[in-house]
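First comes the structure, then the notes that go with it.
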Amino acid sequence: MKNKIAGLRFIVTSLCNYDCPICHNEWEPKKREVSGLERDLIDELIVSAKELGAQEVDLTGGEPLLRRDKVLHIIRSAKQQGLWTNLTTNGFYLDENLADLQEAGLDEVHVHFPTLNPVRYIQMMGGNSDI
């Protein structure tokens with residue numbers, strides 16, 4: 001019997017414009033990017049995941065939209081394989097990138113809000129954002 005997987009998750013970058021104390025990626029450096037995958041390898045991973053039964057590709061970070069070029073490439077590659085795509089972002093760069101994300105075929109966006117309390121939000125996001 002062939003192994004099956006539900007999907008594939010890319011941590012597009014460890015970089016982030018925030019330094020949230022509750023970040024699920026707390027062990028990665030936020031100011032210095034960890035090594036990344038080349039485009040050909042990304043494409044091969046997506047094709048292999050599809051062959052193993054994957055239905056979706058998740059894009060996370062850090063803040064993935066700091067590597068907009070890689071995000072768009074992953075989405076387009078996944079769409080060529082007929083896979084559902086979703087992106088988790090802090091939302092800071094979403095407005096300026098939304099049209100390109102839609103054009104590439106992004107299916108779903110998850111915007112991370114660590115709190116809806118405006119004062120706590122500013123504290124958690126390092127003072128560089130406003131809810």
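A quick note: this is a predicted structure, and the numbers were derived from the prediction, not measured.
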Next on the checklist: Glu56 vs Thr85, test: side chain to side chain contact (heavy atoms under 4.5 Å, CB included). Steps then yes/no.
Outcome noted: CA-CA 6 Å; Glu56 68 180 68; Thr85 56; over 6 Å; no
Next on the checklist: Set out, in order, the CA-CA distance, both residues' side-chain angles and the distance that settles side chain to side chain contact (heavy atoms under 4.5 Å, CB included) for Leu65 and Phe92, then state yes or no.
Outcome noted: CA-CA 9 Å; Leu65 291 174; Phe92 187 85; over 6 Å; no
Next on the checklist: Is there a side chain to side chain contact (heavy atoms under 4.5 Å, CB included) between Val71 and Phe10? Walk through the geometry before answering.
Outcome noted: CA-CA 9 Å; Val71 166; Phe10 286 97; over 6 Å; no
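Heavy-atom minimum distance, Ala54 versus Gly7: CB-CA, 3.8 Å. Summarising the geometry of Leu106 relative to Ile75, their closest heavy-atom pair is N-CG2, 3.7 Å, with the distance given to 0.1 Å. Looking at every heavy atom in both residues, Gly62 comes nearest to Cys16 through CA-CB, 4.1 Å. Here the closest heavy-atom approach between residue Val57 and residue Ala78 is recorded as CG2-CB, 3.7 Å.
Within the 4.5 Å cutoff, side-chain heavy atoms of Ile74 are placed close to those of Val12. Counting heavy atoms from C-beta on, the side chains of Thr88 and Pro64 never come closer than 4.5 Å.
Residues meeting the salt bridge (charged side-chain N to carboxylate O under 4.0 Å, His left out) test with Lys79, sequence neighbours left out: Asp107. Take Glu103 and apply the salt bridge (charged side-chain N to carboxylate O under 4.0 Å, His left out) test, not counting sequence neighbours, and it matches Arg76.
Taken from CD in Gln102 to CG in Asn97, the straight-line distance is 11.5 Å, to the nearest 0.5 Å. If you take CG on Leu41 and CD1 on Ile46, they are separated by 10.0 Å, rounding to the nearest 0.5 Å.
Of the N and O atoms on the side chains of Thr13 and Glu63, not one donor lies less than 3.5 Å from an acceptor on the other residue. No hydrogens or angles considered: nothing links the side chains of Trp84 and Gln55 as a donor-acceptor pair under 3.5 Å. For the residue pair His110 and Asp58, no side-chain donor N or O sits within less than 3.5 Å of a side-chain acceptor on the partner.
Every pair passing salt bridge (Lys or Arg N to Asp or Glu O under 4.0 Å) that includes a residue from residues 88-101 is listed here, sequence neighbours excluded: Arg68-Asp100.
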